[in-house]
Amino acid sequence: MCGIVGYTGKEQAAPILLDGLSRLEYRGYDSAGVAVCPEGGGSLCVHKAKGRLKVLCDLLDGGAAVKGTVGVGHTRWATHGAPSDENSHPQVSRSGKIAVVHNGIIENYGELKDFLQGQGVPFTSETDTEVVAQLVEYFQRDGADLLTAVGRCLRRIEGAYALGIVSADAPGQLIAARKDSPLILGYGEGCSFLASDVTAILRFTRRVSYMDDGEVAVLTEEGIACYDHLMQPVEKEICRVDWEIDAAEKGGYEHFMFKEIMEQPEALRRAVFPRIREGEVFLEDFTLPEEYLRSMRSIHIVACGSSYHVGVVGKYHLEQMLRLPVEVTLASEFRYMDPIVDQRTLVIVISQSGETLDSMAALREARRRGAKILSIVNVAGSSIARESDQVLYTWAGPEIAVATTKAYSTQLAVLNLLGLHMSRVLGSMAAEERRAVLEDFRTLPEKLEKVLANRDGVQYYASQYFNRESVFYIGRNVDYALGLEGSLKLKEISYVHSEAYASGELKHGTISLIEPGTLVVALGTCLRLFDKAMSNILEVRTRGGDVLALTTESRAADMAKNANGVIAIPDAHPMLLPLLGVAPLQLFAYYAALMRGCDIDRPRNLAKSVTVE
Ligand code: M6R
């Protein structure tokens, strides 16, 4: 959740660290800090500030105020200890000679702190991270070098961590260590980098390797040496990142979220078009054998947040295409629920970042039970991608806004393509039907462009309703699933209370909440259930609620008879309608948040990648 960056080379480190942190701020933004080894030796220069990165940048004159060519930086999303200067990272050891930045949670920090305090070590913060700095220093008391002391420390700590460590006594050196939290090594000309996310170092190098759990690396300007948990040297594969640097910039847009909403047609072209060949689905590097697919008895989708919502749509679609039972479970529940999963279950993990801790833990639990794992992931080389039997990338490009948009639509498109592919292998869907969906997939980006071009209508409705206290999203079948996503988008960025319900459930309790002034967003894209949607809308109107409805162009006039307002999307194959329907919901949330003056790309209490439990 926090962002980490580290540099060692010939250039001044602080401006590079601050630049990297500016690209990581979406991961955590309650405080920031840097530690730099000063030129010519002496104590570390450590600067930290509560609040947005700008506070630190101003304090350090954009980095010009700190001299030194080796350092680490951090943006924080607080877990242990409230946001404050003291609790910000880097955390330093008692002597001030060792500085540590950390993403994750040291679970046994209490016990270690007791031990160190018993040895007379004073603590200055409430963080779990400070024990790492103090412990490394403690393990150097016999003169051990930095790497040896870090190795000893890692054997004592439990939990999840991505660590960047510098020492005033080891100038030129940067140590990185990883367990259950992403860390990337970057290879430059006469310099080396570490980062929690490739976007932080993309300006400086495209050559990276991904650290594996248990690995420790020593970075110097000459290069990077990596070791496994037994401190045996490891040869890392160096990959080239082909993301465009511009893709991680705002490019003239006011917010990343808006930019990423508008990028969806292009992202869908990238995710879908290369995968349709001669009227059939073509999945690159698909190695799950057809015999295995035929032996499958069930599918279990696990994910968190919006990725979970993709799974809920996917359940409806996959069951229809495959006539196999499909379960969809929140990853945070799956891992502790004794799931019924075995060799004949395909577990599909969906994750934009590929680093979500709960999804990762669910993946491992499923594997332990013998399931095959297929993941749908955006970030290449991420942990979930690397631990899966089969990966399908969404190719959405970097997604920076905390509120996911283009990742949702590309995940859903890829899940549909996967279903179509499996339906051919299983013979569970008529070929003509499959071709009809694929044919419509070709026109999908254009139709989505039309939806986005009509955004003024959505903006108008947002201006009418942005100050409502409560908003309910209702729908049946995939419209219910779509409502879950619409509701999450609204609450996470605009802080308006909102809930999603299956329309049929209204009368089982929720309808008591409908009163004059309540806004209900009624989703009616599932046209075979259109009449039911109309009845539910009337029930809401009868009780004084306002209804903003979403349906297809062909049914918009009918819908307008019952609803206060209607947003229309182009008609398409039913399987593709959620891909068109989600865009107005994203825009509605965006405009509502804008009108409420919210910090859209950095909503309160959230972070982009949730790498703690
Ligand atoms: O990276 P992941 O897809 O695994 O992330 C899962 C959720 O944290 C994520 O979808 C979250 O719900 C988004 N902020 C929603 O906009």
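Just follow the structure's listing: the first ligand is 1, and inside any ligand the first atom is 1.
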Would you kindly check if the NZ (Lys) or CZ (Arg) of Arg178 is within the cone defined by 45 degrees around the ring axis of Tyr161 and under 6.0 Å from the six-membered ring centre?
no
for atom 1 (O) of ligand 1, nearest protein heavy atom and its distance come out as Ser353 OG, 2.7 Å
For atom CD of Glu284, decide whether the heavy atoms of other residues, nucleotides or ligands shown that lie under 6.0 angstrom number more than 12.
yes
Can you list the ligand 1 atoms lying under 4.0 Å from a non-hydrogen atom of Ser307?
2 (P), 3 (O), 10 (O)
Write out the residue and atom name of the closest protein heavy atom to atom 4 (O) of ligand 1, then the distance separating them to 0.1 Å.
Thr356 OG1, 2.4 Å
Nearest protein heavy-atom contact for atom 9 (C) of ligand 1: which residue, which atom, what distance?
Ser306 N, 4.0 Å
Run the ring-centre check on Phe204 versus Phe193 and record whether the distance is less than 6.0 Å.
yes
How are the rings of Phe334 and His300 set to each other: parallel, tilted or perpendicular (split at 30° and 60°)?
perpendicular
Could you tell me whether Val402 and ligand 1 have an N or O pair separated by under 3.5 Å?
yes
At under 4.0 Å between heavy atoms, which part of Glu355 makes contact with ligand 1: side chain, backbone, both or neither?
neither
Check for me whether Lys489 has a heavy atom closer than 4.0 Å to any atom of ligand 1.
yes
Protein heavy atom at shortest distance from atom 6 (C) of ligand 1:
Cys304 O, 3.3 Å
Checking Ser307 against Gln411: is there a side-chain donor and acceptor pair closer than 3.5 Å?
yes
Would you mind reporting whether Met321 and Met422 have side-chain heavy atoms less than 4.5 Å apart?
no
Could you list which atoms of ligand 1 come closer than 4.0 Å to a heavy atom of Ala403?
16 (O)
Give me the nearest non-hydrogen protein atom to atom 16 (O) of ligand 1 as residue plus atom name, then the distance to 0.1 Å.
Glu492 OE2, 2.4 Å
Taking the ring of Phe286 and the ring of His421, is the distance between their centroids below 6.0 Å?
yes
Which heavy atom of the protein is the closest neighbour of atom 8 (O) of ligand 1, given with residue, atom name and distance?
Val610 CG2, 4.0 Å
Is Leu513 close to Thr518 at the side-chain level, that is, under 4.5 Å between some pair of heavy atoms?
no
Ser359 to ligand 1: N or O pair under 3.5 Å?
no
